[in-house]
**Student:** 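A single structure is presented below for examination.
The chains referred to below are lettered A, B, ... by the order of the sequence lines, with proteins before strands, and numbering in each begins at 1.
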Amino acid sequence: MDFSFTKKEEKFRLELRNWLEENLPTSWPEEEEAYISFLKDWQKTLAEGGWAGITWPEKYGGKNATLMQEIIYHQEMVRADAPPTINYVGIHMVGPTLMQIGTEEQKERYIKKLLTGEEIWCQGYSEPNAGSDLSAIKTSAVKDGDKWLINGQKVWTSYGHIADRCFLLARTSQVPGKKHRGITVFLLDMNQPGVEVRPIVQLDGRQEFNEVYLTDAVCYDADIVGEVDKGWQVMISLMLHERAGIGAEVFTLEKQFNNLVAMTKEYKVDGESLIENATIRQKMADLYARSRGAILNYYRNLTNTLKNGQPGAESSIDKLLVSELTKEMFEFAVSIQGPHGILWKEDAPFNSQWQEKYLYSYGTTIGGGTSEIQRNTIGERVLGLPKDLRA
Amino acid sequence: MDFSLNEEQEMFRNYVRKCLNEAGQTMVAREFTSGNTSGFLKLQRKLAELGCTGITISEEYGGLGLGALDLVPVLEEFGRAVLPGSYLETMAFVVPLLEKYGTREQKETYLPEIAAGERSFSVAWVEPNKSYDPDVIACQAEVKGNSLVINGVKTLVPDGNHVDSLLLIVRTADKSVNGDGLSLVLIDVSEVTNLKTLSSLDETRNVTEITFENVEVPMTHVLGEVNQGCSALKEGLLYLHAATSSVLVGSMDHIVEMSTEYAKIREQFGQPIGRFQAIKHRIVDMKLDLETARSLSHYANWALDTNQQDKEAAIYSARAFATEANIRLASHNIQNHGGIGFTMEMDCHLFLKRARFYENYMGSISQFREDVSKGLRWSDEKPSFQLTSK
Ligand SMILES: Cc1cc2nc3c(=O)[nH]c(=O)nc-3n(C[C@H](O)[C@H](O)[C@H](O)COP(=O)(O)OP(=O)(O)OC[C@H]3O[C@@H](n4cnc5c(N)ncnc54)[C@H](O)[C@@H]3O)c2cc1C
């Protein structure tokens, strides 16, 4: 066993740390529009510095980074409190998928622009009647001359309101009894008359996801990823790329726990720091054990990946553990602030950063596959338990 | 044995339910959070006409002269609708204190108006960076002749901008000097100049902060004896927490209904999600929490009315359990709804946010549990049997 990093890896870390010191923005705008253009600028800065899409081959602007370097990258980004990646979908999902199965034309057309944040992407999978069961999608794409006409409704589309392109799932044929067949992935231009985006207000008051109405929206053959009717396979390879993002969440959990420790030392009720309260201390020690456990699990899965060359199904354990634990930790953070914890924004302790994270955390056990679906995956793929009966 | 609400109580529940249905149930809270209070004010008047505001007020002052148990169905219905307003504080805190400690003049001034729905109260207790521990109260009231001069800050006063009056808890002496050094003051909001509304996670209640600068009130506004406020508070809290448990039960009742109904109609994988045991069993566990909380709270209110020996333990165990269960249920309800549960569109969030409001309201779960242990005298009685080692 060895938890150290090689000299080369440490050199990589130092290089990034130095770069961040010089390039990290010092202030973040509050106002929505300004914030978005700030995030786009940040993405551009990262790309120009060679610090976006680091695992990608050099010809696409990447660094050919190893898995360990990617881990270090996430650690340093979290450590520095770097702004979030606005083109998360583009960089972590669409880019790698196109590199793997896209046409040369698609790679040429999209990869550079998504790396620099010039084109923002969203993913259009969920529909009002197809959430956990994505194979139930009804949005249809019908060939009309050289066009594909797309009709239907998507929902919960994160970034939809700012996206230029959508990685869209649509039904191109009906195969009775085989809902997974007949689905095709399109690269949809969001800036066209047939696409209408309506924001949805989340329970934390933010508007980050949307309804997307498609009325004769247009795509062409060149916008199809993989083959017609074989979109499900494309989705599966894309979701494997999505798993890589868990590293950032694991390190964020670790950081948030450390912040929570600091909060319990700093926040005083009746002149006493929270951490001086034995009940709170006990729970903190429990959260420490469980967050350490989650991080160490992640390292162990990582070791397996390094040895086997590819991630195993165990990585869904990471998502489930981390999202559930994050939710519980933020709930506790609000709870222990006592009566004043009910306040919000500038009136709340620490400008309500804990309250906001708490409310937001309810989305993390739903988005990207609910906790129940994760449990099914772990049960069936990791433990080999019998599958649910599905219609 | 008969452990059920009686026919009149259930009938009254139906009237209240009908009234709330007509007003649109949670619509009232939703409009309230967007700044439109007209629906709420209209409903308040209707509920007063129905007699809700007179339940626990003695007949002599225009009320119905009933007890805590008679409030239960009303409070449950209010909890179901996440109703805004300070009915809870007025009816289950200020009224019992006025009835017990009020002077004839105070009763005549306030009780008939409360009964008629023309006066509501909130409670100004907690101070910035402090808990509800009475010992830490620092807001000062100095006796000057026939008046009290008040200085200090009270925060988290619910609906301070909607109510007519406040029950204000002030320090009139050092704890060590005289009694507990606290006094309760009845004061009209119109006499308060410095009131600001704070942003709150739960927008169905307006949380306010009030700064008192040399605010003068006549001594006749002191409720109960000067410097003896603490014991009165403890008594008032029994009523308040018994009643709060009922509001929580009402919320839980609605939450279980929401999850159940949704699990029947929402289909994924070609079947209602209620068929998945992950969902079905979770809703069943929610139902168990609900029914446990309901039994605890009904018993607690009965124990209070009939002055049972275990009333303290009954009330605080109901409050502690229902508080925690309500948060758990509100969270599960979001998860059971999936994406739509994470929006402002569904009611799920209203229940979660209100659940957090009650969590640390007028105490805390760990304080309630301490109160259970005190009520049962766990630390001051000798064990009834001795463990011997052989
Ligand atoms: C913050 C956030 C961001 C999102 N971003 C996007 C996005 O960018 N693009 C996109 O396409 N979608 C997005 N989604 C949608 C997300 O993928 C879906 O919400 C999720 O898959 C659940 O689907 P649903 O909302 O329809 O819930 P449902 O599938 O209706 O689920 C309701 C409940 O039933 C349970 N359930 C369903 N099936 C089973 C089963 N077989 N066994 C046990 N329990 C089951 C669920 O776990 C849940 O508790 C986002 C969601 C959130 C919350």
**Student:** Where along residues 344-353 of chain A does a heavy atom come under 4.5 Å of chain B, listed by residue number?
**Tutor:**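 Against chain B, the residues of residues 344-353 of chain A that fall inside the cut-off (heavy atoms, under 4.5 Å) are A/W344, A/K345, A/E346, A/D347.
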**Student:** Is chain A contacted by the side chain of B/Y361, its backbone, both, or neither, given a heavy-atom distance below 4.5 Å?
**Tutor:**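 No part of B/Y361 comes within 4.5 Å of chain A.
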**Student:** Go through the atoms of A/N277 and report whether side chain, backbone, both or neither lie under 4.5 Å from a heavy atom of chain B.
**Tutor:**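 No part of it gets close to chain B.
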**Student:** Which atoms of B/L156 are under 4.5 Å from chain A, going by heavy atoms: the side chain, the backbone, both sets, or neither?
**Tutor:**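 Contact with chain A is through the side chain of B/L156 alone.
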**Student:** Could you go through the side chain to side chain contact (heavy atoms under 4.5 Å, CB included) check for A/W156 and B/T343 one step at a time?
**Tutor:** CA-CA 10 Å; A/W156 322 127; B/T343 65; 3.5 Å; yes
**Student:** Relative to chain A, which segment of B/E209 carries a heavy atom at a distance below 4.5 Å: side chain, backbone, both, or neither?
**Tutor:**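 Neither part.
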**Student:** List the steps and the verdict of side chain to side chain contact (heavy atoms under 4.5 Å, CB included) for B/F269 and A/D388.
**Tutor:** CA-CA 10 Å; B/F269 302 101; A/D388 269 13; over 6 Å; no
**Student:** Can you tell whether the side chains of B/R356 and A/E331 come within less than 4.0 Å, N to carboxylate O?
**Tutor:**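 A salt bridge links B/R356 with A/E331.
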**Student:** Tell me if a side-chain donor or acceptor on A/H340 pairs with a main-chain N or O of B/S131 at a distance below 3.5 Å.
**Tutor:**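 Side chain of A/H340 to backbone of B/S131, a donor-acceptor pair under 3.5 Å: no, none is there.
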**Student:** Got a second to check how far A/L203's CG is from B/L350's CG, nearest 0.5 Å?
**Tutor:**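 If I round to the nearest 0.5 Å, the distance is 10.0 Å.
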**Student:** Determine yes or no for a side-chain-to-main-chain donor-acceptor pair under 3.5 angstrom, with B/N360 supplying the side chain and A/S335 the backbone.
**Tutor:**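 Between the backbone of A/S335 and the side chain of B/N360 there is a qualifying donor-acceptor contact (under 3.5 Å).
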**Student:** For B/H349 and A/Q202, run side chain to side chain contact (heavy atoms under 4.5 Å, CB included): C-alpha distance rounded to whole Å, both residues' side-chain angles, the deciding distance at 0.1 Å, then the answer.
**Tutor:** CA-CA 9 Å; B/H349 76 103; A/Q202 296 170 183; over 6 Å; no
**Student:** Is there a donor-acceptor contact under 3.5 Å from the side chain of B/Q335 to the main chain of A/T365?
**Tutor:**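 Judged by distance alone, yes, a pair lies under 3.5 Å.
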**Student:** Which distance, rounded to the nearest 0.5 Å, do you find between the CZ of B/F276 and the CZ of A/R375?
**Tutor:**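 Reported to 0.5 Å precision, the distance equals 14.5 Å.
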**Student:** Using modelled atom types only, decide if a donor and an acceptor are shared between the side chain of B/K353 and the backbone of A/I342 within a distance under 3.5 Å.
**Tutor:**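 Not a single qualifying donor-acceptor pair exists.
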**Student:** So what's closer than 4.5 Å to chain B heavy atoms on A/T279: side chain, backbone, both or neither?
**Tutor:**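 Interface part for A/T279: neither.
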**Student:** In terms of heavy-atom proximity below 4.5 Å to chain B, should A/I373 be classed as side chain, backbone, both, or neither?
**Tutor:**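 When you check distances to chain B, only side chain atoms of A/I373 fall under 4.5 Å.
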**Student:** For chain A, which candidate among B/I273, B/V136, B/L198 shows the most heavy-atom pairs at distances under 4.5 Å?
**Tutor:**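 Among B/I273, B/V136, B/L198, the one with the most close pairs to chain A is B/L198.
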**Student:** At a 4.5 Å cut-off on heavy atoms, which part of B/S331 comes close to chain A: side chain, backbone, both, or neither?
**Tutor:**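 Interface part for B/S331: both.
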**Student:** Between chain A and each of B/V126, B/I340, B/I327, count heavy-atom pairs under 4.5 Å; write down the option with the most.
**Tutor:**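 The candidate making the most pairs under 4.5 Å is B/I340.
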**Student:** In terms of heavy-atom pairs under 4.5 Å with chain B, which of A/P128, A/S132, A/G341 leads?
**Tutor:**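 Ranked by heavy-atom pairs under 4.5 Å with chain B, first place is A/S132.
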**Student:** Which residue out of A/V155, A/I200, A/I366, A/D204 racks up the most heavy-atom pairs below 4.5 Å with chain B?
**Tutor:**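 Ranked by heavy-atom pairs under 4.5 Å with chain B, first place is A/I366.
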**Student:** Contact part of B/R205 toward chain A, heavy-atom cut-off under 4.5 Å: side chain, backbone, both or neither?
**Tutor:**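 Neither part.
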**Student:** Quick one: what part of B/I365 sits under 4.5 Å from any heavy atom of chain A, side chain, backbone, both or neither?
**Tutor:**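 Neither; nothing under 4.5 Å.
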**Student:** With a cut-off of 6.0 Å (strictly less than), are more than 12 heavy atoms of other residues, nucleotides or ligands near OH of A/Y360?
**Tutor:**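 Atom OH in A/Y360 is not packed in, count stays at 12 or less.
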**Student:** Quick check on the interface: out of A/S135, A/G205, A/G271, A/A130, who has the most heavy-atom pairs with chain B under 4.5 Å?
**Tutor:**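 So the answer, after comparing A/S135, A/G205, A/G271, A/A130, is A/A130.
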**Student:** Taking all non-hydrogen atoms of both residues, which atom of A/L359 and which atom of B/L352 are closest, and how far apart?
**Tutor:**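 Closest approach of A/L359 to B/L352, heavy atoms only: CD2-CD2, 3.8 Å.
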**Student:** Can you tell me which portion of B/R275 sits under 4.5 Å from chain A's heavy atoms? Options are side chain, backbone, both or neither.
**Tutor:**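 For B/R275, there is no contact with chain A at all, as no heavy atom is under 4.5 Å.
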**Student:** Where does A/S126 contact chain B at under 4.5 Å (heavy atoms): side chain, backbone, both or neither?
**Tutor:**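 The answer is neither part of A/S126.
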**Student:** When you measure from the side chain of B/Q268 to the backbone N and O of A/G131, does any donor-acceptor pair fall under 3.5 Å?
**Tutor:**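 Side chain of B/Q268 to backbone of A/G131: a pair is present.
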**Student:** Considering residues at least two apart in sequence or located in another chain, which fulfil the salt bridge (Lys or Arg N to Asp or Glu O under 4.0 Å) criterion with A/K265?
**Tutor:**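 In terms of salt bridge (Lys or Arg N to Asp or Glu O under 4.0 Å), with neighbours along the sequence ignored, A/K265 is linked to no residue.
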**Student:** Could you look at B/S364 and say if it's the side chain, the backbone, both or neither that has a heavy atom under 4.5 Å from chain A?
**Tutor:**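 Contact with chain A is absent: no heavy atom of B/S364 under 4.5 Å.
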**Student:** Looking at A/E30, I'd like to know if its CD atom is crowded, meaning that more than 12 non-hydrogen atoms belonging to other residues, nucleotides or ligands lie closer than 6.0 Å.
**Tutor:**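 12 or below, so no.
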**Student:** Show your reasoning for whether side chain to side chain contact (heavy atoms under 4.5 Å, CB included) applies to A/L343 and B/L201.
**Tutor:** CA-CA 6 Å; A/L343 293 172; B/L201 191 85; over 6 Å; no
**Student:** Is chain A contacted by the side chain of B/S366, its backbone, both, or neither, given a heavy-atom distance below 4.5 Å?
**Tutor:**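 Contact with chain A involves no heavy atom of B/S366 at all.
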**Student:** Mark yes when over 12 heavy atoms from residues, nucleotides or ligands other than A/R290 sit less than 6.0 Å from its CZ; otherwise mark no.
**Tutor:**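 Enclosed.
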